[in-house]
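Data first, discussion second: the structure below is written as structure tokens.
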Amino acid sequence: MLDIHISLTGRIAYDPRFFASDHEAPAMWSAVLEVNGPPTPRRDGSTYVPTRQMEVVVYGVAAIRAHESYRKGHLVMARGCDLIPRTYETKNREGKPVVRAAVKMIATDLGLATRYSPVREEQAAWPVAAAPRRLADGASAAVDGPATPLAA
């Protein structure tokens, strides 16, 4: 049983990277998600929602399926088991060295978020206008077999 459980919902910011498996390592898929952070207060009393970038990595069969399914701009839900921070040094526009930080999440599950709206108890689970005609007419939901046996 894993002790760390992380879930993120974010939009894929850049084209994902895919590394096919070889005889020593499994397939790997990596994408940077833009995730909205919690509302943060400003000094003047107003709030803003910061956008953070998180790298999400998945391995194995899930990586192959992610490579086939998800592209830049897709809204993805990721559930993970580990966060790995790292720092690296790069140069800014003036050529001065700058230390930057990044956080990588090792994902166990990925899914496309087609709808991102909370469910409320007062909402009907199945709108009456969209109910199947068979159920709207009062018929049973069971699938009926053929009315007469086929002649041989």
Any chance you could pull the hydrophobic cluster mates of Tyr48, using side-chain heavy atoms under 4.5 angstrom and chaining through other members?
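Besides Tyr48, the hydrophobic cluster comprises nothing; the residue is isolated.
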
Only counting residues at least two apart or in another chain, list the ones meeting salt bridge (Lys or Arg N to Asp or Glu O under 4.0 Å) with Arg79.
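Arg79: salt bridge (Lys or Arg N to Asp or Glu O under 4.0 Å) contacts with Asp109.
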
When the side chains of residues 63-78 are checked against the rest of the protein, which donor-acceptor pairs come out under 3.5 Å, sequence neighbours left out?
from  : atom 1 : to    : atom 2 : distance (Å)
Ser69 : OG     : Arg65 : O      : 2.9
Arg71 : NH1    : His67 : O      : 2.7
Arg71 : NH2    : His67 : O      : 3.4
His74 : ND1    : Arg71 : N      : 3.0

Can you sort out the partners of Glu94 under side-chain hydrogen bond (donor to acceptor under 3.5 Å, both in side chains), two or more places apart, ordered by chain and number?
Asn92

How would you list, by chain and number, every residue that makes a side-chain hydrogen bond (donor to acceptor under 3.5 Å, both in side chains) with Thr87, sequence neighbours excluded?
none

Does [X] share a hydrophobic cluster with [Y], counting links as ILVMFWY side-chain heavy atoms below 4.5 Å and allowing steps through other members?
{"X": "Met54", "Y": "Ile6", "answer": "yes"}
{"X": "Leu110", "Y": "Leu83", "answer": "yes"}
{"X": "Leu8", "Y": "Ile12", "answer": "yes"}
{"X": "Val61", "Y": "Val56", "answer": "no"}

Please give me the minimum heavy-atom distance between [X] and [Y], naming the atom from each residue.
{"X": "Cys81", "Y": "Ile4", "result": "O-CB, 3.4 Å"}
{"X": "Val58", "Y": "Ala107", "result": "CG2-O, 3.7 Å"}
{"X": "Gly80", "Y": "Met105", "result": "N-CE, 3.6 Å"}

Kindly write out the residues that satisfy side-chain contact (heavy atoms from CB on, under 4.5 Å) with Ala102, not counting sequence neighbours, or none if the list is empty.
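Testing Ala102 for side-chain contact (heavy atoms from CB on, under 4.5 Å), a comparison that skips the adjacent residues, returns Arg86, Tyr88.
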
Could I get the full list of side-chain contact (heavy atoms from CB on, under 4.5 Å) partners for Ile84, not counting sequence neighbours?
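Counting only residues at least two positions away or on another chain, Ile84 forms a side-chain contact (heavy atoms from CB on, under 4.5 Å) with Asp82, Lys104, Ile106.
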
Could you give the side-chain donor-acceptor pairs of residues 25-42 under 3.5 Å, partners two or more places apart or in another chain?
from  : atom 1 : to    : atom 2 : distance (Å)
Ser30 : OG     : Glu55 : OE2    : 2.8
Asn36 : OD1    : Thr51 : OG1    : 3.4
Thr40 : OG1    : Pro38 : O      : 3.0

